[in-house]
S.K.: 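Sharing a structure, written as structure tokens. Questions coming.
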Protein chains: 2
Amino acid sequence: MMPPRTNATASPTVRDVAALAGVSPMTVSRTMSGGQNVRPEVQERVRKAADRLGYRPNQSARNTRLRRPTGLIGVAVTNLGNPYYGQFALGIEDVAAAHQRHILIGNTREDPHREAQLLDDFAGRQVEGLIVVPAGNGVATLPSSVPFVLATREVEGVHGDTVLVDDVGGASAGTASLIAHGHTRVAFLGDVSGIPTARRRFEGFTQALASQGLQFDASLLMPVRDAEAAFDEVARLLGQHNPPTAFFSTNNRTTVGALRAICDHRRRYPKGAVPAVAGFDDVELADLLGIPLTVMSHDPRALGAQAARMLFERLSGEAPGEPRSASMPVTVRRF
Amino acid sequence: MMPPRTNATASPTVRDVAALAGVSPMTVSRTMSGGQNVRPEVQERVRKAADRLGYRPNQSARNTRLRRPTGLIGVAVTNLGNPYYGQFALGIEDVAAAHQRHILIGNTREDPHREAQLLDDFAGRQVEGLIVVPAGNGVATLPSSVPFVLATREVEGVHGDTVLVDDVGGASAGTASLIAHGHTRVAFLGDVSGIPTARRRFEGFTQALASQGLQFDASLLMPVRDAEAAFDEVARLLGQHNPPTAFFSTNNRTTVGALRAICDHRRRYPKGAVPAVAGFDDVELADLLGIPLTVMSHDPRALGAQAARMLFERLSGEAPGEPRSASMPVTVRRF
DNA sequence: CTGTTAGCGCTTTCAG
DNA sequence: CTGAAAGCGCTAACAG
């Protein structure tokens, strides 16, 4: 008969500790989970043995046996490198930590295929819930049977808890601010056909124009997604004969590109004729550039926190029934 | 005798699927993991049943049985909201995804106590490895028995794989650039006593001064950690009689504060006498402010990727033995 | 107070 | 090709 394996390489188990302490596995288990009904001196022995072996209870096994959830929340974002999503994740983490949960984070890179993989994998890992920023054109296939909250973007045909941003209202208000400052020829930077958020912002943009009897020149619609593309397009437009006097930018990446291009071209303009920018999302330091700037911003951290709160309410059964939807307010500031 | 429970609320198991498909659990198991040795028609039936129930194999249970690792990498950063760590996490995610691993991320908020909790918890969840940006003064207690890589900061007394930044060399080069441009009275913004990184950068800073025969005025050492504090201190210094002509800033937060304060005070200066800043880490748009700026930067994404690569090499046994240490190069650019 | 038995969901034998 | 038995690490329930 083989003696109990001492388990040199693999991590030690209850049995290893039990053997070393000269007790049964149950006594180890009890000791590790509070020590109810274990003589202090025995606990002492067990703990010492556990320490010596570097024993650490296997949570997966424990959760399996207790039919308990994993304490994990899956989060999928489209671009982890964007500071926006850093703040977003922070908001989720705040709330999750308060609920003793951890977050499993994944980057979809706007790739619906990768998103599907990721969510499927998360579901297989028994995450308790998902917070998803839908990738691409919002055709996400969400694993049924796992509660989820959609953030930032909706998904066609998916009926579930959602936290959006007041894109239409914010864009409209920001555009109105441009118009009030005399701009009538405004270019639009954003991938309207590819990204739902951009589409809604475009809607608010054109609404504001229309309400002032202005018409949008379709040749000023620039389907750009990142700073580099925005830079190129803005530089190109500024080099033309009848350039726009202002730019509406759908997110902080395109805003950065636009600001850079305008700075590059700045010396060409007489004082006071620097093109204006109205951009969604905050961009650090942008207010100090001396470029007329309208910022339509919301707090991504608050958005993340809100999404997390909705998820936990759903999980705890506080909010059963119909999916709910929240909208984060957008504030317009002018610099 | 009770019929097998249909499991209405809890997630379905192999048994549920087996019952519905009229086969044994084993046939379901085999079907779900490739379908070796299962008649195609039976597979078909099983898959249909699985779909109908929304069955998803429980990975924890599977891993437990297979004595396989979890596929999880734990990452602990000090401030998830900082764009720097967003890029850092992205670099890790890139590499982790390529290795089919997911990342469990936690925010320590520079709190060693929370860090200890977090790492302990991660270890209990059987993460395969840890990537840690040590909190606070670097007294991290790392769970033994889980391979780890320290990033950005060292921990006293901890002997393990580490990825650092060439803080001393970078700070020295950046400072030299300030000196070359005629600055001799330079304030230092950074919590030298609290944050090891700041300490090393201070070392490079004073080295460069000393090598030019300059001495640091200790009254210009500002132990600030965030943008607000940096703003206040810089504003205060600039209001004094004999203000420094330049500021050395230890990170992007303090750089932002310094730049804001200088912009506020800018009109007070005759042209060409705007205080200069030498700051560690990139700050988007900072180069466009018209403030003489020296940036000592490295790529946090590359740093994250490097840390992840070192971890996977360690995990795969490619790099056994002595802990290794990598240093990310710092480039100095002047705007 | 402590140990034994059984079983969480899964899969590796090993029989048929 | 399919199923029954056993066991991964852990703990509830029940004995003692």
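Chain naming here is simple, since letters A, B, ... match the order of the sequence lines and numbering starts at 1 in each. Note: hydrogens, waters and symmetry copies are ignored here, and every other heavy atom, side chains too, is used. These numbers come from a predicted model, not from an experiment.
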S.K.: For the helix from C:dC1-D:dG16 to C:dG16-D:dC1, how many degrees between its two end axes (five pairs per end), to the nearest 10°?
M.R.: 50°

S.K.: Tell me the interatomic distance from A:Arg45, atom CZ, to C:dT2, atom C1', rounded to whole angstroms.
M.R.: 12 Å

S.K.: Nearest whole Å is fine: how far is D:dT11 P from A:Asn58 CG?
M.R.: 9 Å

S.K.: Please report the distance, rounded to the nearest Å, between CG in B:Leu66 and P in C:dG9.
M.R.: 16 Å

S.K.: Starting from the 5' end of DNA chain D, give me the residue, B:Thr27 or A:Ser29, whose nearest nucleotide shows up first.
M.R.: B:Thr27

S.K.: Does OP1 or OP2 of C:dC8 have a side-chain N or O of A:Thr64 closer than 4.0 Å?
M.R.: no

S.K.: Around A:Gln100, counting heavy atoms of other residues, nucleotides and ligands shown, do more than 12 lie under 6.0 Å from its CD?
M.R.: no

S.K.: Evaluate the salt bridge (Lys or Arg N to Asp or Glu O under 4.0 Å) criterion for residues B:Asp51 and B:Arg47: first the C-alpha distance (whole Å), next the side-chain angles of each, then the deciding distance (0.1 Å), finally the verdict.
M.R.: CA-CA 6 Å; B:Asp51 275 4; B:Arg47 272 189 234 285; over 6 Å; no

S.K.: Between A:His298 and A:Tyr84, how do the two ring planes meet: parallel, tilted or perpendicular, split at 30° and 60°?
M.R.: perpendicular

S.K.: May I have the distance from B:Glu41 (atom CD) to D:dC1 (atom C1'), rounded to whole angstrom?
M.R.: 11 Å

S.K.: Taking side chain as C-beta onward, heavy atoms only, is B:Phe122 less than 4.5 Å from B:Val146?
M.R.: no

S.K.: Is there a donor-acceptor pair closer than 3.5 Å between any side-chain N or O of A:Arg153 and the backbone N or O of A:Pro196?
M.R.: no

S.K.: Below the 4.0 Å mark, does C:dT4 have OP1 or OP2 next to a side-chain nitrogen or oxygen of A:Ser24?
M.R.: no

S.K.: Considering only side-chain heavy atoms of A:Met26, which listed nucleotide, D:dA12, C:dC10, D:dC10, is closest?
M.R.: D:dA12

S.K.: Nearest whole Å is fine: how far is C:dC10 P from A:Arg125 CZ?
M.R.: 15 Å

S.K.: Nearest whole angstrom, please: distance from the P of C:dC8 to the CG of B:Asp16.
M.R.: 11 Å

S.K.: Please classify the nucleic acid contact of A:Asn37 as base, sugar-phosphate, or nothing, using heavy-atom distances under 4.0 Å.
M.R.: base

S.K.: Dump the intermediate steps for side-chain contact (heavy atoms from CB on, under 4.5 Å) on A:Tyr85 and A:Thr78, then the final yes or no.
M.R.: CA-CA 8 Å; A:Tyr85 291 114; A:Thr78 51; 3.3 Å; yes

S.K.: If I take atom CD in residue B:Gln59 and atom C1' in nucleotide C:dC8, what distance separates them, rounded to the nearest angstrom?
M.R.: 16 Å

S.K.: Would you indicate, yes or no, if D:dG9 has its OP1 or OP2 atom less than 4.0 angstrom from a side-chain nitrogen or oxygen of A:Thr13?
M.R.: no

S.K.: Counting side-chain heavy atoms from CB outward, which of D:dT11, D:dG9, C:dT2 is closest to A:Arg15?
M.R.: D:dG9

S.K.: Please list, chain by chain and in numerical order, all residues satisfying side-chain contact (heavy atoms from CB on, under 4.5 Å) with A:Gln306, sequence neighbours excluded.
M.R.: A:Val163, A:Arg309, A:Met310, A:Ala326, A:Met328

S.K.: Any donor-acceptor pair, under 3.5 Å, between the side chain of B:Arg30 and the base of D:dG3, if you only look at N and O atoms?
M.R.: yes

S.K.: Think B:Arg62 has a side-chain N or O under 4.0 angstrom from the OP1 or OP2 of C:dT11?
M.R.: yes

S.K.: Could you tell me the separation between the CZ atom of B:Arg67 and the C1' atom of C:dT11, rounded to a whole number of Å?
M.R.: 13 Å

S.K.: Give a yes/no on whether any side-chain N or O of A:Arg65 is located under 4.0 angstrom from OP1 or OP2 of D:dG9.
M.R.: no

S.K.: Nearest-nucleotide wise, let me know which of B:Ala61 and B:Arg39 is further upstream toward the 5' end of DNA chain D.
M.R.: B:Arg39

